[in-house]
Amino acid sequence: MTTVPYSSSLGRETTYLNHSHKIRSWLLTLDHKRIAILYMISITFFFVIGGIAAVLMRLELMTPQGDLVKAETYNKLFTMHGVMMVFFFLIPSIPAVLGNFLIPLMVGAKDLAFPRLNLASWYLFMTGGIFALVALVAGGVDTGWTFYTPYSSNYSNTYVVLTVVGIFINGFSSILTGLNFIVTIHTMRAPGLTWFRLPLFCWSLYATSLIFILGTPVLAITLVLVGVERIFHIGVFDPSLGGDPILFQHLFWFYSHPAVYIMVLPSMGVVSEVITCFSRKRIFGYAFVAFSSVAIAVLGFLVWGHHLFVSGQSIYGGLIFSILSFMVAIPSGVKVFNWTATLYKGSISLQTPMLYVLGFIGLFTIGGLTGLYVASIAVDVHVTDTYFIIAHFHYIMVGGAVMAYMAGIHFWWPKMTGKMYPEWWGRFSALMIFVGFNLTFFPQFILGYLGMPRRYYAYAPEFQALNVLSTAGASILGIGYLLPLLYLLWSLRWGKDAGPNPFRATGLEWKTSSPPPTENFEKTPIVNEEAYAYHRMEMTGDTVATH
Amino acid sequence: MTPSQPIDPHALDHHHVKGLAHHFDDMDQQHEAATLGMWAFLATEVLFFGGALAGYAVYRSRYGDAFAAASHHLYLWIGVINTAVLLTSSFMMALAVNAAKQGNRKKIVTFLILTILLGLAFLCIKGIEYYLDYREHLVPGNIFEANWHEIFPHIDGAHPGSMMFLRQVQLFLMFYYILTGIHAVHMIVGISVMIVLAVKASRGRYTAEYNSPIDMAGLYWHFVDVVWIFLLPLLYMVQH
Ligand SMILES: [Cu+2]
């Protein structure tokens, strides 16, 4: 890329963070960077709530008998854990925080295409979150995060409608964010920034946005139908009133399977950015990595039926969905192979973001391969509704998506705040999270295979040893998440100044100062090079001075 | 390099062109963004209605007789009149967009008002129709349960299959209200937007160079129109 003028760190600059400190200037901001920070604070809050629910569940599961909480409370705990983590943390995590912050910077624009819509989507997100919180405080929901009918529609006597309204509103926040990203990537790229020069993070968020705008509305209308059935007692999904509960499952998973890719595709984008930087190499097979994102998004819409293998779907339906689910392994495998090939003969440095990314690749591979087990109908029948499923999707959603979110937060923290995080603590907690995660969830694969069912607060005594192991792992994992919260806040005040490009990374976001000025670039940058030109950077020496 | 100054992005008017937001380079880029954004939004809308229509399709293929019987009780002639009203409204909208392209302020306002009035007429007629439906007890739930023999006098309540039939009729009615209801909500949103646009247009906000909002509102309004064209046969003309 050409050397674009950026403000040097001489003297005190005006940045997006310090141009005004009034509360109003935050709550009414149209700056994508500030909105990203608002999202970061909000989703951290929801993560803590979902995390507390998980802690209570793991404590209950220390002993085989139900002793810490009542069975009903346990049902509410796992529902709240799922709702908070899926809808209010994982789905917005990388897109709404890192995507919001980075996409305009990466494409060399001043902002997203629709700044007002962007702010509106944060308000929708918060409104949805408040509905869900009110439901929690009022007494909770016990349906599970999947809201299966007719239990959720006519039989549960908890705050289903309130929660569903919250998720409905939150859905529009996702839609608007996706719409903004698509339009920005299409229409606001800097001169010279062709599609195949885009950072792969943009490609993966583009694919994610397709799911946002095409999947979320189906969830929205489905939740409307659940609400109508519940309020008016009309049998949309209730078999005793002429409805079909399987129809709910089809509609729900038409969104909620692709939602898994809403969590994983952005993670894959982060991995591509980080792995090239810390291997000092261009990505292996750029076009394959880029198109595999789109392929995953498209295929993701065709596999929802693998959640219905035991629900009364026809055997032919099951077979087709099984085959299609296997096919998702192809683009996923392409990515893993390309990342590994990128590492090959690279000059690898194991800084915190890279540790998380390497963790991601390992855990995502385990999560993906066990995904092939459960895509096989015969195995799935054996492990449906057991801890095997829990372990499988936590390897994808925590081992994959959360690891990558952590990688991204550490990688771009210097850009967002202008400060470095403490490297030793960063590596230490990355290690803790990796160890804690595996200790928590690997035993659950075994538990599930042995037949321990999910969603029960009591279990057979022979499962205790593995459950204690899992709870022990969860405490390590918990501390692993707490540490970054503390040292990142610490770094805001006492961290070293980062300078514009502390990791000597390519990409337009590193060509402006840290933290960037409100208008992002002093002059619209011009791009005349592929993304990840690390080979050239290594040969010619860094074109951009780092400090 | 000079360090950047304190900046309020909306005070950044160095290349001030009327109607051009600060973060776009030029009018073309802004218009392209608006158009793509609206089409993406309409794709979302298709899937939103699509979810409900998928449910409708499943039940109609299973309960064709009940759906046909229930559909027969709706006021087809009101639906047809309303279709004509809405199509005319869409035509007025097209004329407003055309006027905006020429930057003709008076025409923009006139045609927008006509579009709005026809939209309101549609909603009024729809409201009257709902009232007539209500008078005939065509409302799923308690009202229907208590009065179904007035609607289907030939049905024997003691017959085991008839209860199922009556529930299927209510499923149809539910889809009728949900689909026309969310369509009406879309109309109300569209009318509200056009009122704002009409006020702005009367103040000369739109010119031959800058008229994207009217163009976008037009796209949206035609979409709402197209949805209705699907709903009319699906709800009012079910044969079996
Ligand atoms: Cu799935």
Side-chain angles (χ1 to χ4, degrees), chain A residues 5-8 10-15 19-20 30-31 104 109-115 117 175-176 178-180 182-184 186-188 209 212-222 224-225 228-229 232-236 241-244 247 250-251 254-255 513 517-519 522 524, chain B residues 1-10 12 21-25 28-41 43-55 58-59 62-63 66 139-142 144-145 163-171 173-175 177-178 181-182:
Chain A
Y6 57 86
S7 329
S8 65
L10 295 169
R12 188 113 169 89
E13 300 162 42
T14 306
T15 70
H19 76 81
S20 167
L30 298 178
D31 182 347
K110 294 194 192 79
D111 207 318
L112 287 173
F114 310 114
L117 224 48
I175 291 172
L176 297 183
L179 195 148
N180 233 330
I182 288 180
V183 175
T184 305
H186 264 283
T187 62
M188 302 186 70
S209 302
F212 272 145
I213 67 165
L214 298 178
T216 320
V218 177
L219 177 75
I221 189 73
T222 309
V224 168
L225 293 174
V228 166
E229 166 155 355
F232 301 103
H233 292 279
I234 300 158
V236 195
L241 299 175
D244 185 347
L247 176 64
H250 278 292
L251 292 172
F254 180 82
Y255 164 76
S513 49
T518 300
E519 74 281 20
E522 293 188 351
T524 303
Chain B
M1 295 332 103
T2 47
S4 38
Q5 296 302 306
I7 278 158
D8 167 10
H10 300 275
L12 250 187
H22 78 94
H23 57 294
F24 289 113
D25 294 333
D28 284 346
Q29 190 190 30
Q30 175 170 307
H31 186 75
E32 200 192 332
T35 311
L36 181 63
M38 184 46 90
W39 278 106
F41 177 70
T44 293
E45 291 278 31
V46 167
L47 270 294
F48 185 72
F49 281 98
L53 287 173
V58 167
Y59 291 130
R62 263 185 225 172
Y63 311 140
V139 182
N142 294 337
F144 181 88
E145 297 276 354
M163 276 339 273
M164 241 24 232
F165 174 83
L166 293 172
R167 284 186 179 132
Q168 293 158 8
V169 167
Q170 292 183 68
L171 264 180
L173 291 174
M174 187 219 59
F175 277 108
Y177 284 106
I178 287 192
I182 52 181

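Letters A, B, ... mirror the listed sequences (proteins, then strands); counts begin at 1.
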Problem - Evaluation steps, side chain to side chain contact (heavy atoms under 4.5 Å, CB included), between A:Tyr255 and A:Thr222 - result: CA-CA 10 Å; A:Tyr255 164 76; A:Thr222 309; over 6 Å; no

Taking side chain as everything from C-beta outward and backbone as N, CA, C, O, which of these in [X] sits under 4.5 Å from a heavy atom of chain B? Side chain, backbone, both or neither.
X: A:Phe254; value: side chain
X: A:Val236; value: both
X: A:Ala220; value: both
X: A:Leu247; value: side chain
X: A:Asp244; value: both
X: A:Leu251; value: side chain
X: A:Leu117; value: neither
X: A:Ile213; value: both

Practice task
Start with the C-alpha gap between B:Phe144 and B:Leu166, add the side-chain angles, then the distance that decides, and say whether side chain to side chain contact (heavy atoms under 4.5 Å, CB included) holds.
Solution key: CA-CA 9 Å; B:Phe144 181 88; B:Leu166 293 172; 4.0 Å; yes

Exercise for the section: Can you see which heavy atom on A:Leu241 is nearest to which on A:Gly235, and at what distance? Expected result: CB-CA, 3.4 Å

If you count heavy-atom pairs within less than 4.5 Å of chain A, which of [options] leads?
options: B:Val46, B:Leu171, B:Ile182; answer: B:Leu171
options: B:Gly141, B:Gly37, B:Ala34, B:Pro140; answer: B:Gly37
options: B:Phe41, B:Tyr59, B:Trp39; answer: B:Tyr59

Problem - Step-by-step side chain to side chain contact (heavy atoms under 4.5 Å, CB included) determination, B:His23 to A:Met188 - result: CA-CA 9 Å; B:His23 57 294; A:Met188 302 186 70; 3.8 Å; yes

Exercise for the section: Working to the nearest 0.5 Å, report the span between CD1 of B:Ile178 and CD1 of A:Ile221. Expected result: 6.5 Å

Practice task
Would you check, one step at a time, whether the test side chain to side chain contact (heavy atoms under 4.5 Å, CB included) holds for B:Glu32 with B:Thr35?
Solution key: CA-CA 5 Å; B:Glu32 200 192 332; B:Thr35 311; 5.8 Å; no

Practice task
Could you tell me whether the side chain of B:Gln168 and the main chain of A:Gly242 form a donor-acceptor pair under 3.5 Å?
Solution key: no

Completion exercise
Residues at least two apart in sequence or cross-chain that pass ring-ring contact (aromatic ring centres under 6.0 Å, His included) with B:His31, listed by chain then number, are none

Practice task
Quick one: which of A:Val228, A:Leu225, A:Leu219, A:Asn180 has the most heavy-atom pairs under 4.5 Å with chain B, could you say?
Solution key: A:Val228

Exercise for the section: Just give me the residue among A:Asp111, A:Ile234, A:Ile182 that pairs up with chain B most often, heavy atom to heavy atom, under 4.5 Å. Expected result: A:Ile234

Fill in the blank from the handout: Turns out that what part of B:Tyr177 lies under 4.5 Å from chain A's heavy atoms comes down to neither

Exercise for the section: Could I get the full list of side chain to side chain donor-acceptor pair (under 3.5 Å) partners for B:Gln170, not counting sequence neighbours? Expected result: B:Glu145

